[in-house]
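Okay, so here's the structure we're looking at.
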Amino acid sequence: MLSYSIKRLLMLVPVLLGMTIIVFSIIHAIPGNPAQTILGTKATPEAIHHLNASLGLDKPLYVQYFTYLKDVLTGNLGTSIQDNNAIASEIWPHLAATIELSFAAMLIAVIIGVNAGIISAWKKNSVVDYIAMIVALIGVSMPIFWLGLLEQWIFSVKLNWLPSIGQTDITSTVAPITNLYLVDTLLEGQFGQFWMVVRHLIMPAVALATIPMAIIARMTRSSMLEVLGSDYIRTAKAKGQRMGWIVYKYALKNAFIPILTVIGLQTGLMLGGAILTETIFGWPGIGLYVYNAIQARDYPVIQSGILIIAFMFIMVNFIVDLLYGLIDPRIKYR
Amino acid sequence: MKKKYFSIVISLIVVLTLALTGCAGGSSSKSSSNAGKTLVFGRGADATSLDPAVVTDGESFRVTQNIFDTLVSYDYSKQSTSVKPSLATSWNITNGGKTYTFTLKKGIKFQDGTAFNAQAVVFNFERWMNGKKSGKFAYFPSMFGGYKGDAGLVIKSVTAPNATTVVFNLKRPSAPFLKNLAMSPFAISSPAAIKKYGAKYGTTAAVGTGAYVFKSWKHNDTITLEKSKDYWKKGLPKISKLIFKVIPDNSSRLNALKNGEIDLMDGVNPSDVAGVSGNKQYNVYYRPPMNIAYLGFNVTMKPFNNTKVRQALNMAVDKQSIIKAFYNGQAQAAVNPMPPSLLGYDKAIKPYAFDVKAAKKLLAQAGYPHGFSTTLYTMANPRDYMPEPQNVAQSIQSTFGKVGVKVKIVTVEWSSYITKLTKGGAPMYLMGWTGDNGDPDNFLYTLLDKDSIGSNNFSFYQNSKLHNVLIAAQTETNTAKRVALYDKAQVILHNDAPWVPLVYGKPVLVGKSTITGYKPSPTGTEPFDTLNVK
């Protein structure tokens with residue numbers, strides 16, 4: 001297992017290197033000039049020319065690429081050309097915001113999705129099954145921006161139960177330690193603030209959870225149906241085991257591999273930035289950060305942002321691969 | 001066993017519900033608490049820097065307006081762009097309009113405790129004028145003609161004969177000079193702070209003489225300012241804490257206002273205005289228009305090199321329907337390439353009326369009795385002067401169809417769009433402009449003079465007669481003569497018709513009705529020093 005992990009980690013290098021080349025080529029191929037975008041329509045052509053020169057954007061592309069690569073290899077993610085900040089320090093609060101949101105959303109999606117799928121399979125072709133699958137179908141096809149606005153309208157504007165936007169109340173601040181606000185408030189012992197952060201998380205997390213929840217529910221159902229039809233389940237039933245015990249203890253474990261794959265992929269996608277959810281809920285996450293950089297043609301931020309997202313995606317799937325072995329001891333790593 | 005699980009689940013639900021409802025409303029900003037009033041302004045995007053000299057975007061200026069002051073200022077209380085004293089209490093114009101002598105207000109301090117004086121003003125101007133190498137100070141060369149070493153730079157020297165006097169010597173008279181000095185990018189920063197923070201100035205620090213002090217910035221989220229204790233305008237500001245909150249989506253920003261989380265916002269969807277305008281809980285504000293949205297023709301491309309074609313298409317746009325459908329009725333049909341609030345707007349010019357028959361006739365005279373096919377480019381992103389560009393494009397497509405002109409619409413994302421237009425790749429395009437300083441030169445010369453080809457003259461329109469008039473108007477310091485020159489320029493532009501002027505938009509803001517003393521400025525941003533919350 002150790003040698004497998006090392007091999008996998010080493011494979012990261014060519015993948016990420018390939019990513020930098022692809023991203024670099026694509027962003028330089030699309031029209032639009034950072035100097036022009038930064039200076040706006042008000043700038044004179046001379047000013048644009050001078051800024052291009054001072055940003056090094058007039059150099060040949062391969063020189064720009066290697067300068068960037070050197071930065072990355074020395075652990076420096078470069079400097080934003082828009083606001084002159086070090087990307088390494090600027091990117092973490094955004095990434096932390098996305099991680100927190102994705103984690104909360106995944107928790108909701110897994111708990112509800114897996115259980116809905118199990119019950120659906122267990123009570124196959126019953127009313128419960130139909131309701132669960134119709135809800136899942138609606139969940140998977142509901143546009144997030146619409147759901148988000150609807151949530152805000154009901155729970156904030158009409159019922160006044162939950163805050164409609166942001167990670168915290170606008171007038172109160174959380175002292176950042178890790179920038180994961182749930183963790184920070186607990187470390188500080190600020191339980192009131194912890195609760196405030198939770199309240200802010202609920203609506204965006206639910207909005208973000210709907211699609212993965214529906215996908216997980218459907219995957220769980222089909223995977224469970226297959227397992228529930230197998231011989232050892234029939235044997236367990238014949239031995240008089242309680243059905244709940246059979247389903248959760250024996251069947252789920254064997255049905256879980258494909259479910260875990262889906263969970264891994266969905267988590268990876270979420271970490272890539274839940275741009276719609278972040279837009280609706282004013283959530284300063286990585287998706288919005290990279291999106292703004294694309295609008296401004298802030299090349300270093302786009303490159304480093306996508307590199308980090310790719311890295312997260314690969315890591316999540318790596319962890320999923322290791323979890324396979326925990327769930328099913330028959331799986332061997334070579 | 002089962003019963004036990006059941007009771008645990010039920011009690012969990014009860015606790016959660018109680019907690020949720022118990023904390024209801026706890027998120028509202030406490031704008032009227034006694035500890036000091038807070039105002040939260042919701043907006044669509046973040047600032048890029050808080051050093052006003054290096055930015056050109058309104059979202060940055062919206063914040064820096066409150067941290068910094070300019071030598072002279074626009075008359076914000078009258079929502080006008082006429083100039084009044086600010087850091088300078090008075091000024092003399094001598095030497096045929098080539099020497100400006102400013103007397104500065106005594107006893108003003110920067111927020112870092114250093115003294116504001118004439119040397120500080122000279123330091124700031126020297127910093128901008130020497131920006132050629134870095135190319136950082138975009139607005140400076142656009143408004144003052146260039147950097148040091150450029151022939152176009154209008155400023156010959158800036159000197160400080162004593163602590164309270166600043167003298168500007170110009171190479172030639174410049175009519176918009178005073179108005180330029182009132183612009184947010186030319187606000188005076190603390191020289192000590194600029195030296196101290198270096199490249200970080202504008203991100204970790206911003207120090208001026210303004211009503212509020214910069215406290216913190218969480219990127220893409222909030223910028224927090226606090227009342228400056230020794231602000232030089234007595235009794236101001238009225239609000240203790242000012243927070244700018246980014247909420248990218250227009251509809252959710254309005255939801256946040258309705259939920260009491262923010263107090264004031266801009267970027268209201270035109271279709272949402274009706275929902276709040278009758279409600280006593282909210283005030284709806286309209287910015288006096290100082291912008292124009294237009295349909296431009298690339299006059300170097302066929303058939304738009306034909307004046308008659310351009311005139312004919314001017315008659316084929318139904319501006320009133322566009323205003324009704326996509327501006328919620330809150331805009332004014334445009335006639336000239338500059339808004340009516342500006343000096344020298346020519347009221348005598350009659351607009352091309354929407355008249356399909358006349359347009360067809362003129363097209364036939366131009367040699368296109370059966371019309372032609374062409375492409376209309378439009379931006380994907382909403383702008384202040386055009387909240388729904390794609391819908392406007394479709395409306396134009398439909399009325400042009402009636403005169404036989406088949407239009408294909410191509411939508412391009414903003415950054416690529418600017419590049420496309422600068423290179424002259426669009427036969428017809430939708431565009432607009434928000435004025436910088438309230439001077440007609442900032443519209444007519446900046447957008448339609450032959451000198452502006454390569455920057456903002458996307459129509460590639462050249463007319464030497466117009467050029468001579470506009471250059472003469474730049475140096476004319478007699479107002480009546482200047483107005484006469486601009487009248488002449490507008491007649492030329494009306495007849496040549498390089499654009500279809502569409503609308504003068506009035507950007508909408510909504511705030512809680514507890515807000516008093518808020519007057520949105522035509523320039524797009526304004527200081528919040530006189531604003532109060534009941």
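Chain A is the first sequence line, chain B the second, and so forth, proteins listed ahead of strands; every chain is numbered from 1.
With rounding to the nearest 0.5 angstrom, the CG atom of B:N255 is 9.0 Å from the CD1 atom of A:I280. Summarising the geometry, atom CZ belonging to A:F281 is positioned 11.5 Å from atom CD1 belonging to B:I247; distances are rounded to the nearest 0.5 Å. Note that OG of B:S252 and CZ of A:F145 are 12.0 Å apart. Values are rounded to the nearest 0.5 Å.
When heavy atoms are compared at a cutoff of 4.5 Å, B:T422 approaches chain A solely by way of its side chain, counted from C-beta outward. Both the backbone and the side chain of A:Y289 come within less than 4.5 Å of a heavy atom in chain B. The contact between B:K133 and chain A is made entirely by backbone atoms, counting heavy-atom distances below 4.5 Å. In this structure, chain A has no heavy atom under 4.5 Å from any part of B:D51. Contact annotation for B:T203: only side-chain heavy atoms (C-beta onward) come within less than 4.5 Å of a heavy atom of chain A. With a 4.5 angstrom heavy-atom cutoff, B:Y147 touches chain A only via side-chain atoms. Heavy atoms of B:T48 lying under 4.5 Å from chain A belong to its backbone as well as its side chain. If you measure heavy-atom distances from A:H94 to chain B, the contacts under 4.5 Å come from the side chain alone. Only the side chain of A:N292 comes within less than 4.5 Å of a heavy atom in chain B; its backbone stays farther off. At a 4.5 Å heavy-atom cutoff, the contact between B:S416 and chain A is made by backbone and side-chain atoms alike.
The side-chain heavy atoms of B:K218 and A:Q167, taken from C-beta on, include a pair separated by under 4.5 Å. Counting only heavy atoms from C-beta outward, the side chains of B:K200 and A:N85 approach each other to under 4.5 Å. For the pair B:K241/A:T171, no side-chain contact is recorded, criterion being any heavy-atom separation below 4.5 Å from C-beta on.
Within 6.0 Å of the CH2 atom in A:W153, the count of heavy atoms belonging to other residues, nucleotides or ligands does not exceed 12. Other residues, nucleotides and ligands place no more than 12 heavy atoms under 6.0 Å from the NZ atom of B:K423. The local environment of NE2 in A:H49 is sparse, with at most 12 non-hydrogen atoms from other residues, nucleotides or ligands closer than 6.0 Å. Annotation for B:Y201: atom OH counts as buried by contact number, over 12 foreign heavy atoms lying within 6.0 Å.
Chain B forms the most heavy-atom pairs under 4.5 Å with one residue out of A:I294, A:V157, A:T173, and that residue is A:V157. Counting heavy-atom pairs under 4.5 Å between each of B:T222, B:I243, B:T224 and chain A puts B:I243 at the top.
The nearest pair of heavy atoms linking A:G282 to B:P248 is CA-CD, 3.9 Å.
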Test log, rule side chain to side chain contact (heavy atoms under 4.5 Å, CB included), inputs B:V246 and A:L288: CA-CA 11 Å; B:V246 178; A:L288 216 51; 5.7 Å; no
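Residues of residues 295-304 of chain A lying within less than 4.5 angstrom of chain B, judged on heavy atoms, are A:Q295, A:R297 in numerical order.
The backbone N or O of A:S164 sits less than 3.5 Å from a side-chain atom of B:E261, completing a donor-acceptor pair.
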